[in-house]
Amino acid sequence: ADEIDYVHLGPAHFGAFISSAYADGRRALWSNGVNGIYKVDHDTFRVLAHLPPAGGVPPDDEARADDTIAGFDAGNDGFLALIRAFRAAQVLRDLAGVYTMVDRDHRFYVGEKGGAIAVFGDRGPPAADAPIELKARIPLPAGVTGPLMGINMTFDGWIVTATEHGYVIVMARDGSRSEFVRLRHADTARHDDSRTGYGWVRNSFAVDEHGGIYVASREHLHKVLWDGKRLSLGWSTPYSNTTGEGTGSTPALMGFGSEDRLVVITDGDVRMNVAAFWRDSGALASSVPVRMGKLDLQAIQSEQAVVVAGYGALVVNNQPRNPPWYLPQRANRLLVSYLGSSPRYQPFGVQKFEWDPRAKTLREAWVNESVSSPNCVPMVSTGSGLAYLVGARDNQWTLEALDWDTGASTFHYLIGGQRYNSLFAGTLIDQAGRVFYGTSYGRVRLDPRPTLTPTGEATAAPQKP
């Protein structure tokens with residue numbers, strides 16, 4: 001227990017960003033959720049500042065969160081658990097923006113529902129524990145429509161965002177100038193799906209060092225070009241989409257310098273494929289089916305970006321097992337979100353592919369059929385050669401470490417019950433080697449340390465990344 005830090009922040013703190021060092025050397029984690037904007041101390045993991053949401057949205061207090069968590073601990077399968085999960089998910093409708101970013105000047109950018117980017121920062125002189133205030137609200141250009149999906153920055157310091165309706169916008173950080181284009185096929189697409197995260201563009205995007213912006217829509221992968229002054233349309237390439245829902249992954253870049261330069265996604269097939277496209281031409285370089293080994297599942301979908309390191313590409317299975325007959329297919333996400341650790345529903349399977357630069361194709365590297373990654377975004381530490389994810393065993397949430405080269409389970413740590421549900425948050429590592437991620441109602445940080453045997457010798461412990 002003394003290796004686990006937990007802080008209540010309220011629902012939907014999916015991502016967090018560690019600031020640059022302030023003048024005194026301190027750093028802060030910025031994050032956004034239903035309860036507003038928070039700064040958490042990077043060292044102590046305690047709340048430094050909080051700005052409640054505007055508009056009178058009541059905060060989801062800790063007592064109510066504890067009651068909900070206790071309910072899921074008491075039972076997280078069956079009809080009553082589904083009702084509890086549905087009620088818990090309703091509060092996410094009040095979230096102003098999922099996609100956020102911190103810049104070098106301690107400014108926190110939040111994409112809002114209403115078609116603007118809110119910019120928050122420190123009130124008074126910059127300091128880790130300074131109060132938070134709204135610095136500016138940058139509206140999207142006139143004519144741009146659709147909820148914001150993703151926020152990033154070009155290598156020359158411009159804000160990039162996109163909307164569900166297929167607009168890509170580049171903006172100066174002070175809001176003084178903006179440029180936008182609309183992706184091909186957006187004008188003839190339907191934009192009437194009311195489900196959050198299931199629009200025509202439903203994921204974030206990747207930005208490369210040459211001004212390439214890579215966006216996936218329902219049936220196409222697109223490249224937009226930024227030359228420092230203007231945006232222009234690049235290529236647009238279709239991908240397989242038998243579900244009609246499109247890819248669940250944010251495009252990921254593979255290959256840098258003299259390496260083969262690719263952009264990788266999972267496609268929209270019932271049993272998804274990993275697809276790699278050439279970054280310069282948009283041509284499909286290789287597509288390989290995801291089988292998850294002997295599991296040989298009939299349906300495999302991931303709601304995470306492909307995890308890329310070097311020429312390796314890792315995917316997880318987020319398709320729940322044993323969905324109740326009465327549950328609409330569109331509600332299956334409830335089974336892997338709030339109920340993801342339930343042995344009845346939890347999905348299994350992690351698979352890695354490798355790009356072969358000689359044969360110019362993707363090949364299967366390994367499969368781990370016994371590890372479950374219900375809903376987290378995994379990550380790789382190239383320093384330790386391990387892939388980390390938040391998993392589940394015996395209805396308890398765990399930290400799992402897989403050997404990046406072989407897929408073998410190197411170790412796992414038991415974290416605990418439903419308080420530690422990762423709920424689609426990213427698994428992150430700080431410079432001290434501590435793993436942290438968002439939970440259903442807050443954030444957790446893990447700092448596992450070697451233990452001593454009765455003889456005083458340290459037991460085998462994972463290397464620090």
Side-chain angles (χ1 to χ4, degrees), residues 8-15 32-35 53 55-98 113 147 149 164 192-199 202-203 243-246 248 299 301-304 317-347 372-377 390 392 395-397 416-425 437-443:
H8 171 82
L9 303 176
H13 285 262
F14 299 112
N32 170 58
V34 172
N35 286 13
V57 178
D60 201 273
D61 63 59
E62 191 166 4
R64 186 163 65 174
D66 287 345
D67 287 343
T68 303
I69 292 168
F72 284 124
D73 278 328
N76 63 346
D77 67 3
F79 182 73
L80 293 179
L82 275 169
I83 295 298
R84 184 178 293 111
F86 179 79
R87 289 174 177 169
Q90 295 308 295
V91 72
L92 303 184
R93 296 178 302 178
D94 297 325
L95 183 62
V98 172
K113 280 184 178 179
M149 295 300 296
E164 283 191 3
D192 56 355
D193 197 323
S194 61
R195 294 175 297 161
T196 300
Y198 278 91
R202 51 176 289 213
N203 300 287
T243 63
E245 302 284 8
Q301 273 293 314
S302 178
E303 289 297 323
Q304 323 302 343
N317 173 33
N318 295 140
Q319 192 74 21
R321 298 184 304 144
N322 307 314
W325 62 267
Y326 53 80
L327 188 69
Q329 185 174 357
R330 288 188 169 192
N332 273 353
R333 189 181 287 193
L334 287 176
L335 302 179
V336 294
S337 55
Y338 292 95
L339 312 180
S341 69
S342 167
R344 181 190 297 268
Y345 305 129
Q346 70 177 120
S372 173
S373 177
N375 58 43
C376 85
V377 185
V390 179
N395 213 3
Q396 300 284 297
W397 293 94
Q418 301 311 307
R419 181 176 304 280
Y420 304 108
N421 183 344
S422 48
L423 199 71
F424 295 108
Y437 65 92
T439 68
S440 303
Y441 294 97
R443 296 200 68 82

Determine all donor-acceptor pairs shorter than 3.5 Å in which one atom belongs to a side chain in residues 80-87; sequence neighbours excluded.
from, atom 1, to, atom 2, distance (Å)
Arg84, NH1, Gly71, O, 3.4

Residues, nucleotides or ligands: over 12 heavy atoms within 6.0 Å of Phe79 CZ: no
Backbone N/O of Ser337 and side chain of Asn421: donor-acceptor pair under 3.5 Å: yes
Nearest atoms (heavy-atom pairs only) where Gly340 meets Pro347: O-CD, 4.5 Å
Heavy-atom check, side chain of Phe72 versus side chain of Ser342, under 4.5 Å: no
Side-chain heavy atoms of Tyr441 within contact of Leu423, under 4.5 Å: no
Nearest non-hydrogen partners of Tyr345 and Gly78, listed with the distance: OH-N, 3.1 Å
Minimum side-chain heavy-atom gap Thr439-Gln418 below 4.5 Å: no
Exercise: do Asn375 and Ser422 side chains pair donor with acceptor under 3.5 Å: yes
Any Ser373 side-chain heavy atom under 4.5 Å of Asn317 side chain: no
Leu335 side chain reached by Pro323 side chain, heavy atoms, under 4.5 Å: yes
Min side-chain heavy-atom separation Arg321-Arg344 under 4.5 Å: no
Stepwise side-chain contact (heavy atoms from CB on, under 4.5 Å) test for Arg333 and Glu303: CA-CA 9 Å; Arg333 189 181 287 193; Glu303 289 297 323; 3.3 Å; yes
Check against side-chain contact (heavy atoms from CB on, under 4.5 Å), Val377 and Tyr437: CA-CA 9 Å; Val377 185; Tyr437 65 92; over 6 Å; no
Which residues share a ring pair (Phe, Tyr, Trp, His ring centres under 6.0 Å) with Tyr420, sequence neighbours left out: none
Pairwise side chain to side chain donor-acceptor pair (under 3.5 Å) hits with a residue in residues 65-74, at least two apart: Asp66-Arg419
Least distance between heavy atoms, Leu327 atom then Asn332 atom: CD2-OD1, 3.6 Å
Shortest non-hydrogen separation from Pro374 to Asn318 and the atoms involved: O-ND2, 2.9 Å
